[in-house]
Peer 1: 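Before we start, here is the structure in question, set down as structure tokens.
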Amino acid sequence: MIVTPLAHGLDLLKSDLVRSPGVHASDIYGDFYRRLDPKRYDFSARDADPDEEPLLMVLGSAWEHHFEKLLTLNGINAYRPTELLSPEGIAYSPDLIIFNGVTRLGEIKLTSMALDDCPTEVSNNLPPKFDKYLCQIKLYLHWLEMVDAWLAVLSIRQPWRPELRLFDLTFTPRELIDNHRMLMAHARHEGMLP
């Protein structure tokens, strides 16, 4: 046998999804968190393989699409909306809108973070490592004029023992307004918005 390693040469981010031009919500909260904690959120500031980020995005997208189908097959009325536009003209793309009892925003995440410090009973918070997820969810909720969300997190911290956790989230209008104001101020300060 002869084994010859090959460079794959594949564009891992090639997709049939069309992203509109202009500012996207992920540009704003992504930049906010890169500035807040570059060691964690800025791949260029870390000692990381440049191929790592696209691979993580591919795995996350594959999980989102599979999980969306699982929800439907399990009788949960959920759909993936097309790209939406905020009143400020910012594009955003929620993973799901869920219509089971209470209409909720749904976000699906794949992570290498451990979940052992997550609540297993009703609580008023998630660990700080989830702050970026919550920031994104609160921004989308504000624009959708909703207060309820659902977060599905699959941890592959231990790939031989993946762990799935689901959380219903309900925010106060004040939490959503404060988050929106903070992110819009950041976007204006960084020249993303007029």
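When a residue number appears, it is its place in the shown sequence, counting from 1.
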Peer 1: Distance-only, no hydrogens or angles: does the His8 side chain make a donor-acceptor pair with backbone N or O of Leu10 under 3.5 Å?
Peer 2: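 Yes, the answer is positive, given that a donor and an acceptor are paired below the 3.5 Å cut-off.
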Peer 1: Mind checking whether Tyr92 and Trp143 have ring centres under 6.0 Å apart?
Peer 2: yes
Peer 1: Under 6.0 Å between ring centres, would you say that holds for Tyr29 and Phe32?
Peer 2: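 Ring centres of Phe32 and Tyr29 not closer than 6.0 Å.
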Peer 1: Report yes or no: does Arg188 contribute a side-chain atom to a donor-acceptor pair with the main-chain N or O of Pro194 at less than 3.5 Å?
Peer 2: no
Peer 1: With distance as the sole criterion, is a donor-acceptor pair present between the side chains of His186 and Asp31 under 3.5 Å?
Peer 2: yes
Peer 1: For the backbone of Asn77 and the side chain of Asn100, can you confirm whether one donor and one acceptor N or O come within less than 3.5 Å of each other?
Peer 2: yes
Peer 1: Are Met57 and Ile108 connected, step by step, through hydrophobic side chains (Ile, Leu, Val, Met, Phe, Trp, Tyr) whose heavy atoms are closer than 4.5 Å?
Peer 2: no
Peer 1: Decide side-chain hydrogen bond (donor to acceptor under 3.5 Å, both in side chains) for Thr172 and Glu175; before the verdict, give the C-alpha distance in whole Å, the side-chain angles of both, and the deciding distance to 0.1 Å.
Peer 2: CA-CA 5 Å; Thr172 65; Glu175 289 173 301; 3.3 Å; yes
Peer 1: What's the shortest heavy-atom distance between Ala25 and Tyr140, and which atoms?
Peer 2: CB-CE1, 3.8 Å
Peer 1: Check this for me, if you would: do Asp95 and Lys109 make a salt bridge, where the nitrogen-to-carboxylate-oxygen distance has to be below 4.0 angstrom?
Peer 2: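 Salt bridge between Asp95 and Lys109, a charged N being under 4.0 Å from a carboxylate O: no.
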Peer 1: For Arg157 and Ser112, work out which heavy atoms get closest and say how close.
Peer 2: CD-O, 2.7 Å
Peer 1: Using modelled atom types and a 3.5 Å cut-off, is there a donor and acceptor pairing between side-chain atoms of Lys129 and backbone atoms of Ala114?
Peer 2: yes
